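Here the structure comes first, spelled out in structure tokens, and everything after it is commentary.
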Protein chains: 2
Amino acid sequence: MSKSKATSFDIAYRAGVSQSTVSRALRNSPQVNEETRKKIQAIARELNYKVDKNASNLRTRHSGTLALLLFEELDDTESHINPFYLSMLGSITRTCSKEGYDLLVSFQQFSTDWSADFADTNKADGIILLGYGDYLDYEGKLNELVEQGTKFVRWGAVVEGEPWLSIGCDNKNGGYLITRHLLSLGRRSIAFLGGADNHSPELYERYKGYCKAIEESGHYVDLSLQYDAVTTEAAGVEAVQRLLASGHTFDAIVCASDLIAIGAISALTEAGFNVPNDVAVVGFDDLTVAKYSNPPLTTVQQNTNLAGQTLVYNLIKQIEETEIETRHIPARLIVRESCGAKL
Amino acid sequence: MSKSKATSFDIAYRAGVSQSTVSRALRNSPQVNEETRKKIQAIARELNYKVDKNASNLRTRHSGTLALLLFEELDDTESHINPFYLSMLGSITRTCSKEGYDLLVSFQQFSTDWSADFADTNKADGIILLGYGDYLDYEGKLNELVEQGTKFVRWGAVVEGEPWLSIGCDNKNGGYLITRHLLSLGRRSIAFLGGADNHSPELYERYKGYCKAIEESGHYVDLSLQYDAVTTEAAGVEAVQRLLASGHTFDAIVCASDLIAIGAISALTEAGFNVPNDVAVVGFDDLTVAKYSNPPLTTVQQNTNLAGQTLVYNLIKQIEETEIETRHIPARLIVRESCGAKL
DNA sequence: TTAACGGCTGCATACGTATGTTTTTTGATT
DNA sequence: AATCAAAAAACATACGTATGCAGCCGTTAA
């Protein structure tokens, strides 16, 4: 016999007051007498009373919940989720609880119809969209969301004139900084793995930074040293294999992410190359593992902590209809051993 | 002017029927005429109607939501979440959506009062508890949950006679298998990093497997080769430094997790040792990164996919009050280069 | 003495759905 | 044409909370 949950009526009965007074007392309304409130709160504690969220949400028309939609192609047997998102998730969930919001997390395949299942059902007050991926695939959906008045914020490349709020790292500058660093170390034949094909705006921005650095140094971007790769170790391995098979020579690789870089180092080592003596390899993201990789990875740090906070705060601002602003998260060069010393 | 959301009354009005018929039609009740149902569903689609979850939950007394509580000490500026959990999270979220449940995710510090905030508020029908950590810290809380009739399932060491449902990997066998593997390769002075102090039952089980393998081989467990470590790279680095400083010699290290192992390899390399020639290093978990670490890590695979599924399915069974069963997830040895070849 | 007022509290209602109960409709049988 | 059962739809209500509004009481001012 599980004793059924206590309601505000139960408390009202014991306190000899009305339910409305209980509700007011528990929400610390100034309308209720100090003494009465103390008494009510004591009884609530005693009965282990908790506000029923469903009833409360129904009455107030908001849920106090944010939805985090993470877009990634997951295969059925394994869960390869980019640790970068895990880090974001940590920051997002922490900021949410600091602000009194709950977080509903859902991993979405690109194909599913996710556009309305969270906001329209009143399960969430707003949505955070996370995930690289083919921009064009969901641009239409985002417009739908805007049209419906759904509040959302998106992690990703900031494009001028978009009708929605995007928050992203300064990817171009990151790509620029790290490539310039390699150039300053004397590397000249610098390959690029990942994102040169403009499917993922984030990775493409990094590529543009890479190009800018090379052109600025008076050299030409060598198109034969560029291979596409998604953000996984396996893609890094494969891209290096293709690069090696092409027969072109190179003394450095800029990878569009740390995972690609780790795969690249693995494949290079396998093929008998020494990193960084033969080939310097750099990444992007500064995952925790970058520091402990062998050799430790020179990379670009995205401040996931700040990023997560900014996403949540801006979404909340949007929900509360106060002033919002698009923000760039700065990129910061982290130098470790994987690019060696000056030649 | 955002047009307010359509309700079942709006549909009823347009269809010329009552609200209750609409509700029944949309839930595919057999009580409603085929033709009427078609009509109602068409109108619902047209109006882009979605059931209000809060109202629905209030009425039905269940939320269709599971809560995932992840316990980990997070520091304020960085989010070091074990990738192992990310992998679990992936599997859990996928299984949830397959079963039609939403997932509420919350990272909890050990200290906060989490025990009732999800079930008692009717935000979730059940709770999944994830996280290593000091067992004794929350044993009291778990008993509270049981007493309140809260449905939950816990990832972790399965202890006979517990009044709650735990699902865990066969950690002892994993520790046994991998240690025996090292012994079979001729390693004799095998250190152990992490968990020998019985604070974390999972890690301690791995330690017991390690002891069993050594004793079975006719050797003695050398207590001077054992250092405690939490599941992070940094702890691995530090433990190796202490081990080296102690002056004792060793030719292999069993690490209680891959992250510890990665930290250990990093520290050993830094100190001028070659892995695996001087020292073999093995881990536990088979994180994605284990395959691409340098050298690739011999480790014990926990099937996170199966684990996540089992957690969710068993929790749902518990909610639906059908038969449940405690399950061990098997441990599997994965051999890679970090323990070298036979000496 | 009366009116006005502020501080508290209670009353009544609405949020949107799901479902037990009752009523109406339909179709078949006598 | 009358009866009846089954099918279909309508009616009524409850879930638990939050809140506009009205009412009461004690105090102060006119």
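Every value quoted in this text rests on a predicted model; they were computed, and no experiment measured them. Within every chain, numbering begins at 1; the chains are lettered A, B, ... in the order of the sequence lines, protein sequences first and strands thereafter.
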Task: Within residues 52-65 of chain B: residues closer than 4.0 Å to DNA chain D (heavy atoms) - done: B/L58, B/R59, B/R61
Task: Sequence-distant partners of B/F9, side chain to side chain contact (heavy atoms under 4.5 Å, CB included), two or more places apart - done: B/T7, B/Q19
Open item on the list: If the condition is side chain to side chain contact (heavy atoms under 4.5 Å, CB included), which residues does B/K151 pass it with, not counting sequence neighbours?
Closed with: B/L315, B/Q318, B/I319, B/E321
Open item on the list: Distance check, rounded to the nearest 0.5 Å: A/L103 atom CG versus B/L104 atom CG?
Closed with: 7.5 Å
Task: B/K5 NZ to B/D10 CG distance, which is reported to the nearest 0.5 Å - done: 12.5 Å
Open item on the list: Minimum heavy-atom separation for B/S63 and B/N122, please, with both atom names.
Closed with: CB-O, 3.6 Å
Open item on the list: To check you understand the geometry: which heavy-atom pair defines the closest contact between B/Q309 and B/T95, and what is its length?
Closed with: CG-OG1, 3.4 Å
Open item on the list: Any donor-acceptor pair, under 3.5 Å, between the side chain of A/Q19 and the base of D/dA18, if you only look at N and O atoms?
Closed with: yes
- [ ] Verify whether one side chain among B/S200 and B/E202 offers a donor that lies under 3.5 Å from an acceptor in the other.
- [x] yes
TODO: Anything under 4.0 Å to a heavy atom of chain A counts; send over the first and last such nucleotide of DNA chain C, read 5' to 3'.
DONE: C/dC8 to C/dG16
- [ ] Determine to 10° how strongly the helix from C/dT1-D/dA30 to C/dT30-D/dA1 is bent, judged from the axes of its five-pair ends.
- [x] 60°
- [ ] Assign B/T7 to base, sugar-phosphate, or nothing according to its heavy-atom contacts below 4.0 angstrom with the strands shown.
- [x] sugar-phosphate
Open item on the list: Taking the nucleotide of DNA chain D with the nearest heavy atom to each, does B/T21 or A/Y49 sit closer to the 5' end?
Closed with: B/T21
TODO: May I ask you to evaluate whether B/S18 reaches the phosphate of D/dA10, defined as a side-chain N or O under 4.0 Å from OP1 or OP2?
DONE: yes
TODO: Using a cut-off of strictly less than 4.0 Å between a heavy atom of the residue and any atom of DNA chain C, enumerate the qualifying residues of residues 27-42 of chain A by number.
DONE: A/Q31, A/V32, A/N33, A/T36
TODO: Could you check how far CZ of B/R24 sits from P of D/dA7, rounded to whole Å?
DONE: 15 Å
